[in-house]
Amino acid sequence: MSDATDPWLIVGLGNPGPDYAANRHNVGFMVADLLTTRIGGKFKRAQKAQAQVVEGRMGPPGPASRRVILVKPMSYMNLSGGPVTALRDFYKVPTDHVVAVHDELDVDYGMLRLKLGGGDNGHNGLKSMTKAMGPDYHRVRFGIGRPPGRMQVADFVLKDFSSTERKELAFLVDRAADSVECLLAEGLERAQSAYNS
């Protein structure tokens, strides 16, 4: 079982490369990038896994500060579990101190849902992580809503946010980053009551 001194592994899920950067499926990368800026770090290639990582501390100075490793797997979404598990083992992070930040089809655009454990709901990044290390990690689910009309899910998630969505996107990514900080500092229940919508 984990304790307060254990590090946290914050995983932004997405696909590498400029073609995917603004896709709905890459909102996890967007949140990870913002958190990296907040802790004053810069992503670099991991030695132990196909990922980019940055280490730092999150939260107020002193005993409430948490050691964090921010991660962007560079393996493509459906292979995220390998790099995440390798880094979890390397940094000796308990599974319940792993947080996956990801897009969620069954939540309306911009809404957040934080939870511990559960299924993958067809999300290939979660499916890969759960297969590699079990389901008992935290999730910050960033709502992207369902595709319009008859659009295929795969096409929808690999499209950029719409111009209307982009008007709010920076604010919503900021709020998602806040929810991660709250989760680490104050625990899941407090973060859920503050951010689940």
Side-chain angles (χ1 to χ4, degrees), residues 9-37 43 49-52 70-85 98-180 183 191-192 194-197:
L9 199 69
I10 314 297
V11 182
L13 289 176
N15 286 308
D19 291 349
Y20 299 101
N23 288 179
R24 293 182 177 94
H25 221 19
N26 269 41
V27 74
F29 275 17
M30 297 173 198
V31 175
D33 285 338
L34 179 57
L35 287 168
T36 297
T37 303
F43 275 109
Q50 192 179 355
Q52 291 184 352
L70 291 159
V71 179
K72 293 195 298 186
M74 293 285 120
S75 55
Y76 290 95
M77 185 69 85
N78 60 346
L79 299 172
S80 300
V84 173
T85 304
V98 176
V99 181
V101 183
H102 63 93
D103 57 302
E104 178 58 60
L105 287 159
D106 285 339
V107 176
D108 289 341
Y109 175 66
M111 302 287 108
L112 295 174
R113 296 277 196 287
L114 283 78
K115 68 176 194 170
L116 175 62
D120 57 55
N121 203 23
H123 191 287
N124 287 332
L126 298 182
K127 197 177 290 184
S128 179
M129 284 180 61
T130 297
K131 185 177 178 186
M133 63 183 186
D136 299 325
Y137 54 91
H138 286 86
R139 298 103 191 275
V140 174
R141 303 159 73 204
F142 185 109
I144 60 168
R146 282 267 160 195
R150 292 205 170 101
M151 186 188 287
Q152 294 294 313
V153 164
D155 294 334
F156 179 69
V157 299
L158 293 175
K159 279 200 175 0
D160 291 358
F161 285 101
S162 70
S163 55
T164 306
E165 289 169 334
R166 282 198 298 271
K167 288 175 185 165
E168 287 186 285
L169 185 59
F171 167 77
L172 296 169
V173 167
D174 195 67
R175 189 167 180 269
D178 289 348
S179 78
V180 173
L183 170 64
Q192 284 174 324
Y195 293 96
N196 277 16
S197 42

Should L183 and V99 be marked as a side-chain contact (heavy atoms from CB on, under 4.5 Å) after you check the CA-CA gap, both sets of side-chain angles, and the distance that decides it?
CA-CA 9 Å; L183 170 64; V99 181; 3.8 Å; yes
I would like to know whether R146 and D106 meet side-chain contact (heavy atoms from CB on, under 4.5 Å); could you show each step before the answer?
CA-CA 7 Å; R146 282 267 160 195; D106 285 339; 2.8 Å; yes
Report the C-alpha separation of V98 and V11 in whole Å, then their side-chain angles, then the decisive distance to 0.1 Å, and conclude whether the side-chain contact (heavy atoms from CB on, under 4.5 Å) test is met.
CA-CA 7 Å; V98 176; V11 182; 4.3 Å; yes
Could you go step by step and tell me if Q50 and L79 meet the side-chain contact (heavy atoms from CB on, under 4.5 Å) rule?
CA-CA 10 Å; Q50 192 179 355; L79 299 172; over 6 Å; no
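With rounding to the nearest 0.5 Å, the separation of CG in L172 from NZ in K167 is 13.5 Å. For the atom pair S179 OG and F142 CZ, the distance stands at 10.0 Å (nearest 0.5 Å). Separating the NE2 atom in H25 from the NZ atom in K159 is a distance of 13.5 Å, to the nearest 0.5 Å. Here the CE-CG distance, from M77 to N124, works out to 8.0 Å after rounding to the nearest 0.5 Å. The OG1 atom of T36 sits 9.5 Å away from the CD atom of Q52 when rounded to the nearest 0.5 Å. Between the CG atom of L105 and the NE2 atom of H123 there is a distance of 8.0 Å, given to the nearest 0.5 Å.
Summarising the geometry of G118 relative to P135, their closest heavy-atom pair is O-CB, 3.6 Å, with the distance given to 0.1 Å. Across M133 and V84, no two heavy atoms sit closer than the pair CE-CG1, 4.0 Å. The two atoms that bring A32 and F43 nearest to each other are O-CE1, 3.9 Å, heavy atoms only. L13 and S80 get closest at one heavy-atom pair: CD2-OG, 3.5 Å. Across all their heavy atoms, V31 and A176 have their closest contact at CG2-CB, 3.8 Å.
Looking only at distances, no side-chain donor or acceptor of D136 sits under 3.5 Å from a matching main-chain atom of G117.
Every residue two or more places apart in sequence or in another chain was checked for a salt bridge (charged side-chain N to carboxylate O under 4.0 Å, His left out) with R166, and none qualifies. Take R141 and apply the salt bridge (charged side-chain N to carboxylate O under 4.0 Å, His left out) test, not counting sequence neighbours, and it matches E104. Scanning for salt bridge (charged side-chain N to carboxylate O under 4.0 Å, His left out) contacts around E168 gives an empty result, with sequence neighbours left out. Scanning for ring pair (Phe, Tyr, Trp, His ring centres under 6.0 Å) contacts around Y109 gives F161, with sequence neighbours left out. With sequence neighbours left out, D174 forms a salt bridge (charged side-chain N to carboxylate O under 4.0 Å, His left out) with R38.
With Y137 as the aromatic partner, R139 meets the cation-pi criteria of under 6.0 angstrom to the ring centre and within 45 degrees of the ring axis.
In this structure, K131 places its NZ atom where only 12 or fewer heavy-atom neighbours from other residues, nucleotides or ligands lie under 6.0 Å away.
Screening residues 72-84 for salt bridge (Lys or Arg N to Asp or Glu O under 4.0 Å) gives D33-K72 as the qualifying pairs, with residues at least two apart or on separate chains.
Two residues are said to be in side-chain contact when any heavy atoms from C-beta on lie closer than 4.5 Å; N78 and S128 fail this criterion. In this structure the side chain of L126 never reaches within 4.5 angstrom of the side chain of N121, judged on heavy atoms.
For N23 and N15, the side-chain atoms include no donor-acceptor pair closer than 3.5 Å.
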